[in-house]
Amino acid sequence: MAVVETRGLTKVFKHGEAGAVNDVDLLTQEGEFMVFLGPSGSGKTTLLRMIAGLEEPTRGDVLIAGRVVTQLAPRDRRIAMVFQSYALYPHLSVYKNIAFPLRAQGVPKDQHRQKVEWACGLLGIGDLLARKPRELSGGERQRVALARAIVREPAVFLLDEPLSNLDAKLRASAREELTQFHKRVGTTTIYVTHDQVEAMAMGDRIVVLDKGIVRQVGSPREVYDDPADTFVATFLGAPPMLLMDHGDVLVGFRPETLLPQALAETPAVTLSVRVTGVEYLGSERILYALIERGRFAGQKVIARLPAIYQGAVTEGEVEDLSVAIRHLRFFAKADGKRTEPRELAWE
């Protein structure tokens, strides 16, 4: 295991343009599963590639296990990377695909089988060794790619959207397998994804990126419940955090905290809303509405009503919905950054 650190890491592809990655300072913990999360173009893959040595930084340094590796080739960094495409050799068997890095490293041939079988045992693919990649399912290819990475016994795993080519059902099971694999192996892992469900389910900590800038680093609970700014607040969550204009601040709360008065905690604020649409999703109902009166009259809101609430909610009707004071978050309108709570006039 090893700690990965970046110091002022920056990548500018074209002079005079904004950097793809800008002055990123990060420090993993040993054995941590850290997730880089952000929309397309946020710089998460570029940042990962600089850590891997596949992209040269414009400035800044990468350290692995306390050693500056910025100028080292990828093979000298003790890292293993799994790509979105898996990059398996189609003409080689599973065994030869997994053993290939051992050959490249000059590991004695008599040690290959033992190491390959050890890696396959961790991932439960020992019965696939004689097959070719074309004979495997997407989930099996993913596990072969992981086995090829771990057979080198690297200090750090770097995973670039390795589940994105799988269908939804297989993706969920592969996510669980990958999480359990990390717990067994315990190697420091950095994982890139644009999928917030993956990030929330898998990460010990999440690095939220936007336009090459780190917006927040924290546990899944921290970045969801206590976003550092309006970008994080509205990027995470489906539907995202609701933001309402109140003078020099924006008041935010999650849709699942806007509830019928009978379910809401106290103290709370109450909004009278006219329902404009209802979506039944089995485990919950998504309610779309317009605030009827008061300071926020005419503003759209979205509520997520849990299945335990059986009350009728009808399109066109007026409902009173409440949000507990403790769920309110405040952001400065000028820069979008989190600010201190305050007393507000809601009427």
Side-chain angles (χ1 to χ4, degrees), residues 1-2 31 33 35 45 48-49 51-55 64 72-193 195 198 201-202:
M1 292 189 290
F33 198 111
V35 178
T45 293
L48 190 79
R49 288 174 62 84
I51 293 170
L54 300 174
E55 197 76 61
I64 297 177
L72 295 183
R75 65 177 176 273
D76 298 322
R77 299 190 181 200
R78 289 198 61 211
I79 58 98
M81 191 162 180
V82 177
F83 299 92
Q84 180 177 344
S85 65
Y86 307 143
L88 301 177
Y89 298 105
H91 62 290
L92 297 181
S93 66
V94 167
Y95 176 88
K96 290 183 178 179
N97 263 286
I98 297 171
F100 189 87
L102 300 176
R103 290 168 51 200
Q105 287 180 310
V107 175
K109 194 170 183 179
D110 60 356
Q111 297 180 23
H112 287 195
R113 180 156 292 277
Q114 179 185 355
K115 287 181 175 290
V116 170
E117 289 178 350
W118 166 75
C120 289
L122 285 174
L123 292 158
I125 55 172
D127 58 338
L128 304 179
L129 293 177
R131 297 190 194 177
K132 298 287 180 63
R134 66 176 178 273
E135 301 173 278
L136 306 177
S137 68
E140 289 169 339
R141 288 193 200 107
Q142 182 234 344
R143 281 181 279 173
V144 171
L146 285 171
R148 187 179 58 184
I150 67 174
V151 77
R152 300 172 55 193
E153 300 182 62
V156 179
F157 284 122
L158 304 176
L159 308 178
D160 187 9
E161 304 217 40
L163 308 184
S164 60
N165 289 332
L166 306 180
D167 62 51
K169 184 177 180 181
L170 187 55
R171 192 166 178 159
S173 62
R175 185 173 71 220
E176 171 63 16
E177 286 180 10
L178 193 53
T179 301
Q180 293 303 318
F181 159 74
H182 176 259
K183 289 178 180 177
R184 290 195 300 272
V185 177
T187 303
T188 302
T189 299
I190 300 177
Y191 185 101
V192 163
T193 185
D195 187 321
E198 278 183 14
M202 300 172 74

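All values below come from the heavy atoms of this structure, side chains included, with hydrogens, waters and symmetry mates left out.
For Ala80, the side chain to side chain contact (heavy atoms under 4.5 Å, CB included) partners are Ala149, Arg152, Pro154, Phe157, not counting sequence neighbours. Applying the side chain to side chain contact (heavy atoms under 4.5 Å, CB included) rule to Ala130 yields no partners; only residues at least two apart in sequence or on another chain are considered. Partners of His112 under the ring-ring contact (aromatic ring centres under 6.0 Å, His included) rule, at least two apart in sequence or in another chain, do not exist in this structure. The ring-ring contact (aromatic ring centres under 6.0 Å, His included) check on Phe83 picks up nothing, with sequence neighbours excluded. Applying the side chain to side chain donor-acceptor pair (under 3.5 Å) rule to Gln142 yields no partners; only residues at least two apart in sequence or on another chain are considered. Partners of Glu176 under the side chain to side chain donor-acceptor pair (under 3.5 Å) rule, at least two apart in sequence or in another chain, are Gln180. Checked against side chain to side chain contact (heavy atoms under 4.5 Å, CB included), Arg141 has the following partners two or more places apart in sequence or in another chain: Tyr86, Leu88, Leu136. For the salt bridge (Lys or Arg N to Asp or Glu O under 4.0 Å) test, residues two or more places apart in sequence or in another chain that qualify with Arg143 are Glu177. Judged as a side chain to side chain donor-acceptor pair (under 3.5 Å), and not counting sequence neighbours, Thr189 has no contacts.
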Exercise. Take Leu178 and Phe181, measure what side-chain contact (heavy atoms from CB on, under 4.5 Å) needs, and give me the verdict at the end.
Key: CA-CA 5 Å; Leu178 193 53; Phe181 159 74; 4.0 Å; yes
Practice problem: Dump the intermediate steps for side-chain contact (heavy atoms from CB on, under 4.5 Å) on Ile51 and Ile79, then the final yes or no. | Solution: CA-CA 9 Å; Ile51 293 170; Ile79 58 98; 5.6 Å; no
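Closest approach of Ala147 to Ala119, counting heavy atoms only: O-CB, 3.8 Å. Pairing each heavy atom of Pro74 with each of Gly53, the nearest pair is CG-O, 3.6 Å. Heavy-atom minimum distance, Gly31 versus Thr188: N-OG1, 2.9 Å.
Note that OG1 of Thr45 is 11.5 Å distant from CG of Leu158, once rounded to the nearest 0.5 Å. To the nearest 0.5 Å, atom CE of residue Met81 and atom CG of residue Leu159 are 8.5 Å apart. Rounding to the nearest 0.5 angstrom, the gap separating the CD1 atom in Ile98 from the OG atom in Ser93 is 8.5 Å. Atom CD of residue Glu135 and atom CG of residue Leu128 lie 10.0 Å apart, to the nearest 0.5 angstrom. In this structure, Arg175 CZ and Asp195 CG are separated by 7.0 Å, a value rounded to the nearest 0.5 Å.
Among pairs with a residue in residues 108-122, those fulfilling salt bridge (charged side-chain N to carboxylate O under 4.0 Å, His left out) read Arg113-Glu117, Lys115-Glu153, at least two apart in sequence or across chains. Among pairs with a residue in residues 122-151, none fulfils ring pair (Phe, Tyr, Trp, His ring centres under 6.0 Å), at least two apart in sequence or across chains. Every pair tested for salt bridge (charged side-chain N to carboxylate O under 4.0 Å, His left out) that includes a residue from residues 124-133 fails, sequence neighbours excluded, so the list is empty.
Relative ring orientation between Phe33 and Tyr191 is described as tilted, the plane-to-plane angle lying within the 30° to 60° band.
Annotation: Gln105, atom CD; neighbour count of heavy atoms from other residues, nucleotides and ligands within 6.0 Å is above 12.
Between the side chain of Asn97 and the backbone N or O of Leu92 there is at least one donor-acceptor pair closer than 3.5 Å.
Using a 4.5 Å heavy-atom cutoff, the side chains of Cys120 and Leu129 are in contact. Here the side chains of Pro90 and Arg134 are not in contact, with every heavy-atom distance at 4.5 Å or above.
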